[in-house]
**Student:** 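Please find one structure pasted underneath; my questions will follow.
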Amino acid sequence: MTKIENYIGGELVAPVLGRYLDNFEPATGEVYSQLPDSDERDVERAVEAAKAAFPAWSMTPAEERFAILMRLVALIERDLDALALAESTDNGKPVSLARSLDIPRAASNFRFYATAAMHTGNESHDTTGVAINYTLRQPLGVVGCISPWNLPLYLFTWKIAPAIAAGCTVVAKPSEVTPMTAYLLSKLCIEAGLPAGVLNIVQGTGPKVGSAIVSHKDVKAISFTGGTKTGEEIARVAAPMFKKLSLELGGKNPNIIFADCNYEEMLVTTVRSSFSNQGEICLCGSRIFVERPLYDRFKEDFVVRVSALRIGDPRDASTNVGAIVSEPHFEKIMSYIVLARQEGGQILAGGKQALLEDRCANGWFIEPTIIEGLLHDCRTNQEEIFGPVVTIMPFDTEEEVLSYANSVRYGLSATVWTENLSRAHRVSSQLEAGIVWVNCWLLRDLRTPFGGVKDSGVGREGGFEALRFFTEEKNVCIKI
Ligand code: NDP
């Protein structure tokens, strides 16, 4: 059985206390590897290694950092199949999705920031005849990156890549539920020749490792993606220490469908935006609002398409819906289906555990579930479920649907389907969301900043914003 190790000071090392946790394969319910149950001692070692590496790394020319990161990109692409299989085994997602989305995006993250760091400049301002001012952007030092389990390597690298490209050194923690691809990345970093201590990966739980990173006095910034409750806790600890914070948190995203939409394209994409990755994407649209003239047609066709999705072994190329990431998360989603029934919802599709055979007989699978008949303000429609469960409801006016869409505490993303250009702009501007997709979903240009509003987070990742996040600005004013 594979024993995952920490990556500290350029080496793969066992946790100080030698304790390990079981790592489960969600599709089988079996333990298939072990990961370090690290604690503050391991974090201390990692911070020391990162501190030692910082002076040289921060002074390494951008071209050299670029060359190393591009070697890493080539290695990720070389190992695409192995990484995709590892991601699927760890997380339960179809291997086809890991192969087409998660792993290529991890390579893109490094490629984008390796390149971006070569093309950033510092501004200068001329106070005519009096002074010249310029702004220096200097890497912050040691930073902490903490990521969740749903898109393991994709989100892990989305943080690490800009931090390293900006010249920081990093102490990072993947989710304890999905540690494997971060471990494989450690090996690739060694192979790529990333200098020792530039990236340190400490495996283990949030309460032990995550909180030790957040509360460490020498960690200058925290980039976190995860649940809103964890984000609150991190902000409570980090804010009084004046750390820079980027918090990418939960969502409860509306998908608004007007009767004039391109119907077939909307239907195909709505199946995807509802159930990709078993609904475990923070950007999935879990509340579907349909303009009343289209409601019955949509409901009928949506149920047919969703019922045809193939729930199966994530390793099978034809599987559309894989396993839920862990048993506790499986239980949480099932409890929301019970709640939805209690709140008066009718189950139009799914609503049950999916029972598979053979290798997957003890896995954690849930049928893609569609619920109707709920009010917009019930708990099912207000709380993040983060699984293959969506609600549908009709609306009559723009004003009405906007009030439903904006009624939640979250503001991560929204989707709008209409062929009416004016309406597309009008509705987009009034939606409380960090990103609005019109007639599409999950299209990302890495140059655009990304992040939520309201309780979905603070700060922006992506684009040049992320490079700036990992630097501090110093203004120099020279009298002439
Ligand atoms: P959690 O908040 O439970 O965990 C996220 C990470 O934080 C994990 O690595 C976790 O470790 C760690 N952690 C837990 N407690 C602490 C703590 N006290 N201090 C520091 N770190 C801690 O989220 P999930 O992993 O359950 O991920 C799902 C959530 O992530 C959903 O709410 C989803 O919406 C959100 N998300 C947001 C995205 C966005 O871009 N806004 C993108 C993707 C997901 P461990 O798991 O080992 O306990």
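Atoms within each ligand, like the ligands themselves, are counted from 1 in listed order. Here, residue 1 is the first one in the sequence, and each next residue gets the next number. Just so it is clear, the structure is predicted and the values come from calculations on it, not from any experiment.
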**Student:** Is the ring pair F450/W158 parallel, tilted or perpendicular, if the boundaries are 30 and 60 degrees?
**Tutor:** perpendicular
**Student:** Do side-chain atoms of S456 reach the backbone of G250 as a donor and acceptor pair under 3.5 angstrom?
**Tutor:**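 Looks like yes, one N/O pair under 3.5 Å.
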**Student:** Return the residue, atom name and 0.1 Å-rounded distance of the protein heavy atom closest to atom 11 (O) of ligand 1.
**Tutor:**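 Protein heavy atom at minimum distance: K173 NZ, 2.9 Å.
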**Student:** For R111, look at atom CZ and say whether over 12 heavy atoms of other residues, nucleotides or ligands are found less than 6.0 Å away.
**Tutor:**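 Atom CZ in R111 is packed in, count exceeds 12.
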**Student:** Kindly check if the number of other-residue, nucleotide or ligand heavy atoms within 6.0 Å of CZ (R359) is above 12?
**Tutor:**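 For R359, atom CZ is crowded (more than 12 foreign heavy atoms under 6.0 Å).
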**Student:** Give the single entry among G226, C282, P148 that approaches atom 35 (C) of ligand 1 most closely by any heavy atom.
**Tutor:** G226
**Student:** Begin from the C-alpha positions of Y336 and E383 and carry the test side-chain hydrogen bond (donor to acceptor under 3.5 Å, both in side chains) through to its verdict.
**Tutor:** CA-CA 9 Å; Y336 270 103; E383 297 175 14; 2.5 Å; yes
**Student:** Out of all atoms in ligand 1, which are within 4.0 Å of some heavy atom of N150? Include the element for each.
**Tutor:** 43 (C), 44 (C)
**Student:** Looking only at non-hydrogen atoms, which of G206, S147, S211 approaches atom 9 (O) of ligand 1 most closely?
**Tutor:**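 It is S147 that holds the nearest heavy atom.
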**Student:** Tell me, with the steps shown, if T380 and E343 meet side-chain hydrogen bond (donor to acceptor under 3.5 Å, both in side chains).
**Tutor:** CA-CA 8 Å; T380 308; E343 290 185 320; 2.5 Å; yes
**Student:** Can you name the one residue among D42, D37, D39 that meets side chain to side chain donor-acceptor pair (under 3.5 Å) with K208?
**Tutor:**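 That would be D37.
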**Student:** Tell me whether ligand 1 is touched by G452 - counting only heavy atoms on the residue side and a distance under 4.0 Å.
**Tutor:**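 Heavy atoms of G452 never come under 4.0 Å of ligand 1.
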**Student:** Would you call G204 a ligand 1 contact, heavy-atom distance under 4.0 Å?
**Tutor:**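 Flag set, G204 near ligand 1.
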**Student:** Give me the nearest non-hydrogen protein atom to atom 28 (C) of ligand 1 as residue plus atom name, then the distance to 0.1 Å.
**Tutor:** F386 CE2, 3.6 Å
**Student:** Below 4.5 Å, heavy atoms only, C-beta onward: do N381 and Y404 meet side chain to side chain?
**Tutor:** no
**Student:** Using a 4.0 Å cut-off to any heavy atom of E176, which atoms of ligand 1 qualify?
**Tutor:** 45 (P), 46 (O), 47 (O), 48 (O)
**Student:** Counting each atom of ligand 1 from 1 as listed, which ones have a heavy atom of I146 under 4.0 Å away?
**Tutor:**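 Counting from 1, the qualifying ligand atoms are 6 (C), 7 (O), 9 (O), 12 (C), 20 (C), 21 (N).
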**Student:** Among all protein heavy atoms, pick out the one at the shortest distance from atom 7 (O) of ligand 1; state its residue, atom name and that distance to 0.1 Å.
**Tutor:**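 Minimum-distance protein heavy atom for atom 7 (O) of ligand 1 reads F224 CE1, 3.1 Å.
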**Student:** Would you say W149 and ligand 1 have an N/O pair spaced under 3.5 Å apart?
**Tutor:**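 Looking only at distances, the answer is yes, because the N/O contact criterion of under 3.5 Å is met.
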**Student:** Tell me, do Q34 and N23 make a side-chain contact under 4.5 Å, heavy atoms counted?
**Tutor:**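 Not touching, per the 4.5 Å side-chain cut-off.
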**Student:** Less than 6.0 Å separating the ring centroids of H329 and W364?
**Tutor:**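 Ring centroids of H329 and W364 are no less than 6.0 Å from each other.
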**Student:** Identify which one of I222, L249, I213 satisfies the side-chain contact (heavy atoms from CB on, under 4.5 Å) criterion when paired with I234.
**Tutor:** I222
**Student:** Answer yes or no: does an N/O atom from T225 fall short of 3.5 Å to an N/O atom of ligand 1?
**Tutor:** no
**Student:** Would you say ligand 1 has an N or O under 3.5 Å from any N or O of L249?
**Tutor:**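 Yes, at least one N or O pair falls under 3.5 Å.
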**Student:** Considering only protein heavy atoms, which is closest to atom 18 (N) of ligand 1, and at what distance to one decimal place?
**Tutor:**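 Here the nearest protein heavy atom works out to E233 CG, 3.9 Å.
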**Student:** Regarding S38 and Q203, do their side chains bring together a donor and an acceptor under 3.5 Å, going by distance alone?
**Tutor:**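 No, Q203 and S38 have no side-chain donor paired with an acceptor closer than 3.5 Å.
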**Student:** Would you mind listing which atoms of ligand 1 come within a distance below 4.0 Å of any non-hydrogen atom of T205?
**Tutor:**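 Near T205, meaning under 4.0 Å from one of its heavy atoms, ligand 1 has 47 (O).
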**Student:** Any atoms of ligand 1 less than 4.0 Å from a non-hydrogen atom of F450? List them with their elements.
**Tutor:** 40 (O)
**Student:** For atom 2 (O) of ligand 1, which candidate among V209, T230, I435 provides the closest heavy atom?
**Tutor:**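 Residue with the shortest heavy-atom distance to the ligand atom: T230.
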**Student:** Check whether any N or O atom of S175, backbone or side chain, sits under 3.5 Å from an N or O atom of ligand 1, and answer yes or no.
**Tutor:** yes
**Student:** Please write down residue, atom name and distance for the protein heavy atom closest to atom 31 (C) of ligand 1.
**Tutor:** E384 OE1, 3.4 Å
**Student:** Report the part of L283 (side chain from C-beta onward, or backbone N, CA, C, O) that has a heavy atom under 4.0 Å from ligand 1; answer both or neither where that applies.
**Tutor:**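 It is neither part, as no heavy atom is under 4.0 Å.
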**Student:** For G210, take its heavy atoms, then give the atoms of ligand 1 lying under 4.0 Å from any of them.
**Tutor:** 19 (N), 20 (C), 21 (N)
**Student:** Counting heavy atoms not belonging to K229, are there more than 12 under 6.0 Å from its NZ?
**Tutor:**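 Counting neighbours around NZ of K229, 12 or fewer heavy atoms of other residues, nucleotides or ligands fall under 6.0 Å, so no.
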**Student:** Closer than 4.0 angstrom: is that true for some heavy atom of P174 and an atom of ligand 1?
**Tutor:** yes
**Student:** In this structure, is the centre-to-centre distance between the rings of W149 and F386 below 6.0 Å?
**Tutor:** yes
**Student:** At less than 4.0 angstrom from any non-hydrogen atom of L155, what atoms of ligand 1 do you find?
**Tutor:**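 Reading through ligand 1 atom by atom, the close ones are 42 (C), 43 (C).
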**Student:** Against heavy atoms of G227, which atoms of ligand 1 measure under 4.0 Å?
**Tutor:** 1 (P), 2 (O), 23 (O), 29 (C), 30 (O), 32 (O)
